[in-house]
There are 2 protein chains.
Amino acid sequence: MNDIKQLLRSNALRPTKQRIVIASYLFDGNDKHVTAESLSTELAKRKHLISLATIYNTLHDFYENGLLKKLTLSADRVYFDTNTDDHHHFYSEKDQFLIDINKNIKVNGLPKTPKNKKINKIEVIVHLDK
Amino acid sequence: MNDIKQLLRSNALRPTKQRIVIASYLFDGNDKHVTAESLSTELAKRKHLISLATIYNTLHDFYENGLLKKLTLSADRVYFDTNTDDHHHFYSEKDQFLIDINKNIKVNGLPKTPKNKKINKIEVIVHLDK
DNA sequence: ATATCAGTTTAGAATGATTCTAAAGTGTTG
DNA sequence: CAACACTTTAGAATCATTCTAAACTGATAT
């Protein structure tokens, strides 16, 4: 709880009731993949009714501060991943699940980066099914 | 023109005026990345006014038949790629561009595939900037 | 403590890509 | 060329996400 407040403070985010609830859920030690919708549902189950706008705001605040990874896998829902380490994913569009691949994946054979550009990150998505 | 009709017929797609126009543009030999919007704009420049609904329908028909690859990179626009070979991409969200990586990229170190699942495709996206 | 104010939350409206509807149009086949 | 299944289309509908502007609250100075 105090560590959650610390976490927020150290990212220049006021530890408001809503942020504390959301951060406590997200950063409980178990890696999670959430969408705004799924997070809202999950918190509602726990009797924490936080407006969707705030959930969106908060997910983005956390993302902007590197507390979450953002994954755009299907056009109609954005996933946020509490595991911010360098890692990749198995993704099943059919079953709507995401599994972290924490193993050391190596991508070999990349051509040179386009002029005046820098690589921000390399994302490997292993699509299942279809 | 007749090859375009053949292409459509061989995919059980009636060679309608609209599909011929769209296919002629997309499959002119130069690999392209389009969104429904960009395609509509591009065709409009050429005086081909095709309804957006048809453009969406057609892109999906082509995609369903493997004539296009689909790329969901940002949540608010889906890209279609006329290069259907196995390949990967450089992507700049900032500048909204996509460059094919046709070189042979190898992904090493994948863990085993989740039970009862099969790998459909592996997608490597090299995000630039940010 | 308390006033003050910038930072937050929120309901509800707005946005915008995409999909749906159902009516009119058009290839195809016999 | 008749007949029908497949297509196209305008416009409405959908739905995740963002915006707005008003009410609220954590932090800071007094």
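Convention: sequence-line order gives letters A, B, ...; per-chain numbering from 1.
OP1 or OP2 of C:dT8 lies within a sub-4.0 Å distance of a side-chain N or O belonging to A:Arg19. For C:dT10, the OP1/OP2 oxygens have a side-chain nitrogen or oxygen of A:Gln18 closer than 4.0 Å. Look at B:Lys17 and you won't find any side-chain N or O under 4.0 angstrom from OP1 or OP2 of C:dG25. Side-chain N/O atoms of B:Tyr56 include none lying less than 4.0 angstrom from OP1 or OP2 on C:dT19. Contact annotation: A:His60 does not reach the phosphate of D:dT17 (side-chain N/O to OP1 or OP2, under 4.0 Å). Contact annotation: A:Ser51 side-chain N/O to C:dT9 OP1/OP2 distance is not under 4.0 Å.
Going from atom CZ of B:Arg77 over to atom C1' of C:dG16 covers 10 Å, rounded to whole Å. Here the P atom of nucleotide C:dG16 and the CG atom of A:Asp76 are 19 Å apart, to the nearest Å. When rounded to the nearest whole Å, the span between CG of B:Leu8 and C1' of D:dT7 equals 13 Å. Here the P atom of nucleotide C:dG7 and the CG atom of A:Asp61 are 13 Å apart, to the nearest Å. For the pair B:Arg9 CZ and D:dT7 P, the computed distance is 12 Å after rounding to whole Å. Nucleotide D:dC24 holds its C1' atom 15 Å from the CG atom of A:Asn57, rounded to whole Å. Distance B:Ile55 CD1 to C:dT19 C1': 15 Å, rounded to the nearest Å.
At a threshold of 4.0 angstrom between heavy atoms, the contacts of A:Thr16 are confined to the sugar-phosphate backbone, with no base atom among them. Among the protein residues, A:Arg14 comes within range of the nucleic acid bases, having at least one heavy atom under 4.0 Å from a base atom.
Other residues, nucleotides and ligands contribute only 12 or fewer heavy atoms inside 6.0 Å of the CG atom of B:Asp86.
DNA chain D lies under 4.0 Å from no heavy atom of any residue of residues 34-46 of chain B.
The cationic group of B:Lys32 lies under 6.0 Å from the six-membered ring centre of B:Tyr25 and within 45° of the ring axis, placing it in a cation-pi geometry.
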